[in-house]
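In what follows, every heavy atom counts, from backbone to side chain, and hydrogens, waters and symmetry copies are set aside. Residues take their numbers from the sequence shown, with the count starting at 1.
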Amino acid sequence: MAASLTPSVFKFFLLISLFQLSLAGRQLSEVVQDQSQLLTYHNGPLLSGEITINLIWYGKFKPSERTIVSDFVTSLWSSAPQSSQPSVAAWWKTTEKYYHLTSKKATLSLSLGKQILDESYSLGKLLTNEQIVKLASKGDQKNAINVVLTAADVAVDGFCMSRCGTHGSALGSSNGQAKGVKHYSKFAYIWVGNSETQCPGQCAWPFHQPIYGPQNPPLVAPNNNVGLDGMVINLASLLAGTATNPFGNGYFQGPAEAPLEAASACPGVYGKGAYPGYAGNLLVDPTTGASYNAHGDNGRKYLLPALYDPATSSCSPLV
């Protein structure tokens with residue numbers, strides 16, 4: 001089947017896989033592996049217990065833009081009525097199947113924590129990976145996922161060239177009871193950039209036309225904000241990767257430095273029938289014409305990536 005793909009379609013499929021990766025940028029020569037193989041468990045811990053998601057806003061974001069993301073985060077565990085299905089919470093439940101496969105039988109409980117604003121660009125507008133970790137450390141350093149969200153006018157190493165965001169872990173520290181003694185623990189972090197002005201064709205598809213491949217009309221963003229709706233897609237992918245592969249030795253496929261994870265194993269799939277250039281059969285808001293596949297808190301609608309379902313060994317979109 002691959003032999004029948006035109007060069008432009010192949011580039012499109014490759015780019016989608018590139019820009020939905022989690023831990024690190026994947027080399028351009030690498031392609032999506034066989035999805036029929038179950039993501040391998042590498043015997044490391046999954047994120048478990050009561051975990052707080054802290055949002056660190058770097059640069060200028062309007063209050064209305066911040067609520068798009070915070071409403072998504074609280075939607076992960078909220079109980080949506082039957083009339084508001086499929087829901088963000090139903091999408092997140094796929095990650096629970098990974099926990100059922102391990103011998104430890106751990107569980108994960110999420111909550112929204114602090115929202116930290118850095119509107120003065122304290123580290124400038126060109127950030128390195130080390131500076132992303134420094135910003136992430138402003139959040140809690142134990143039992144936390146610290147999410148750094150950079151504004152549209154902030155450049156980050158690798159942004160738009162090999163990635164739309166990343167996730168990883170860093171050492172946090174807290175003073176022990178004995179004088180001068182420190183206890184160190186790892187905390188998980190995520191970074192996602194606003195691509196609206198820098199590379200929406202890579203990081204905000206399908207709300208913007210892609211650089212390569214079929215040039216179908218872009219979809220209408222469910223929150224009428226291409227940049228923020230694109231950030232939610234990437235944040236969702238990275239949250240799923242963080243839960244199931246927080247420290248680089250959980251569930252993934254391929255090399256540890258550039259893994260395919262729960263969401264990045266299903267590039268470009270948002271609904272049933274998806275193929276390169278087509279996100280799949282989605283729900284459409286009759287009033288706004290916006291495309292979505294999940295209901296969230298406060299009447300929100302979101303478009304979320306398909307997750308790899310370990311129970312069926314396939315990509316499982318909500319619709």
Side-chain angles (χ1 to χ4, degrees), residues 22-24 47 50-77 88 108-160 163-174 184-198 203-204 223 225 227-243 246-247 296-297 300 302:
S22 299
L23 280 176
L47 215 56
E50 296 183 357
I51 301 294
T52 299
I53 300 177
N54 302 302
L55 303 179
I56 298 138
W57 299 92
Y58 189 80
K60 304 289 186 183
F61 288 91
K62 298 175 182 177
S64 59
E65 293 178 323
R66 294 198 295 268
T67 57
I68 292 173
V69 174
S70 61
D71 283 348
F72 164 68
V73 171
T74 59
S75 300
L76 291 169
W77 58 84
V88 173
L108 175 62
S109 175
L110 299 175
S111 63
L112 178 63
K114 304 172 185 175
Q115 294 201 54
I116 300 169
L117 306 185
D118 187 340
E119 296 182 305
S120 62
Y121 303 89
S122 62
L123 299 179
K125 293 188 176 182
L126 177 58
L127 302 180
T128 63
N129 293 331
E130 291 75 17
Q131 288 173 316
I132 291 295
V133 175
K134 184 176 180 179
L135 289 171
S137 67
K138 291 185 176 185
D140 297 331
Q141 296 189 11
K142 186 177 181 181
N143 299 325
I145 304 172
N146 295 332
V147 180
V148 178
L149 302 125
T150 51
D153 57 350
V154 176
V156 178
D157 283 354
F159 187 39
C160 297
R163 58 185 184 167
C164 304
T166 192
H167 84 79
S169 62
L171 280 179
S173 65
S174 58
Y184 293 90
S185 61
K186 283 184 177 181
F187 68 91
Y189 71 86
I190 292 172
W191 158 68
V192 177
N194 185 340
S195 67
E196 184 169 17
T197 59
Q198 297 185 52
C203 297
N223 295 286
N225 191 311
L228 269 294
D229 279 300
M231 290 182 83
V232 167
I233 289 175
N234 295 310
L235 175 57
S237 175
L238 293 165
L239 277 171
T242 298
F247 307 119
D297 283 355
R300 295 280 187 191
Y302 295 104

- Message: List the residues meeting salt bridge (Lys or Arg N to Asp or Glu O under 4.0 Å) with Lys138, not counting sequence neighbours, and say none if there are none.
- Response: Asp118

- Task: Give the intermediate values and the outcome of side-chain contact (heavy atoms from CB on, under 4.5 Å) for residues Asn194 and Leu228.
- Result: CA-CA 7 Å; Asn194 185 340; Leu228 269 294; 3.7 Å; yes

- Val156 side chain near Val154 side chain, heavy-atom distance below 4.5 Å: yes

- Query: Which atoms form the tightest heavy-atom contact between Ala152 and Thr197, and what is the distance?
  - Reply: O-OG1, 3.3 Å

- Query: Just by modelled atom types, is the Phe72 backbone N or O under 3.5 Å from a matching donor or acceptor in the Arg300 side chain?
  - Reply: no

- Message: Would Cys160 and Cys203 count as a disulfide pair, i.e. SG atoms separated by less than 2.5 Å?
- Response: no

- Distance col, row Leu238:CG vs Thr242:OG1, nearest 0.5 angstrom, shows 6.0 Å

- At their closest point, which heavy atom of Lys142 faces which heavy atom of Phe187, and how far apart are they? N-CB, 4.5 Å

- Item | salt bridge (Lys or Arg N to Asp or Glu O under 4.0 Å) partners of Asp297, counting only residues at least two apart | none

- Under the salt bridge (Lys or Arg N to Asp or Glu O under 4.0 Å) test, which residues partner Lys114, sequence neighbours left out? Asp140

- Item | Steps toward side-chain contact (heavy atoms from CB on, under 4.5 Å) verdict (Leu55, Ser70) | CA-CA 8 Å; Leu55 303 179; Ser70 61; 4.2 Å; yes

- Message: The test is side-chain contact (heavy atoms from CB on, under 4.5 Å); show your working for Ile116 and Trp57 and say whether it passes.
- Response: CA-CA 6 Å; Ile116 300 169; Trp57 299 92; over 6 Å; no

- Can any side-chain N or O of Tyr302 pair as donor or acceptor with the backbone N or O of Ile68 at less than 3.5 Å? yes

- Query: Quick one: does Asn146's side chain have a donor or acceptor within less than 3.5 Å of a partner on Ala136's backbone?
  - Reply: yes

- Quick one: are Leu127 and Asp157 in side-chain contact, heavy atoms under 4.5 Å? no

- Is it the case that more than 12 heavy atoms not belonging to Glu50 sit under 6.0 Å from its CD atom? no

- Query: Which distance, rounded to the nearest 0.5 Å, do you find between the CG of Asn234 and the CG of Leu149?
  - Reply: 10.5 Å

- Message: Going by side chain to side chain donor-acceptor pair (under 3.5 Å), name the residues that satisfy it together with Gln198, two or more places apart in sequence or in a different chain.
- Response: none

- By side chain to side chain donor-acceptor pair (under 3.5 Å), Asn129 pairs with (sequence neighbours left out) Arg163

- Item | Side chain proximity check, Val147 to Ile56, heavy atoms < 4.5 angstrom | no

- Message: Aromatic contact between Trp191 and Tyr58, with the criterion being ring centroids under 6.0 Å apart: yes or no?
- Response: no

- Item | Spatial distance of atom OG1 (Thr74) from atom CG (Leu76) [nearest 0.5 Å] | 8.0 Å

- Taking the side chain from Asp229 and the backbone from Asn223, do they hold a donor-acceptor pair closer than 3.5 Å? yes

- Are Thr52 and Asn143 close enough that some pair of their side-chain heavy atoms sits under 4.5 Å apart? no

- Task: To the nearest 0.5 Å, tell me how far Ser122 OG sits from Lys134 NZ.
- Result: 7.5 Å

- Note on the structure: Contacts of Tyr189 meeting ring pair (Phe, Tyr, Trp, His ring centres under 6.0 Å) (sequence neighbours excluded), chain-then-number -> none

- Task: Starting at CG of Leu171, measure out to CD of Gln141 and round the result to the nearest 0.5 Å.
- Result: 9.5 Å

- Go through the steps for Asn54 and Leu112 under the test side-chain contact (heavy atoms from CB on, under 4.5 Å), then give the verdict. CA-CA 6 Å; Asn54 302 302; Leu112 178 63; over 6 Å; no

- Message: Rounded at 0.5 Å granularity, tell me how far CG in Asp153 sits from CD in Glu196.
- Response: 12.0 Å

- Are side-chain heavy atoms of Val192 and Ile190 found at a separation under 4.5 Å? yes

- Task: Compare every heavy atom of Phe61 with every heavy atom of Met231, then report the nearest pair and how far apart it is.
- Result: SD-CE2, 4.2 Å

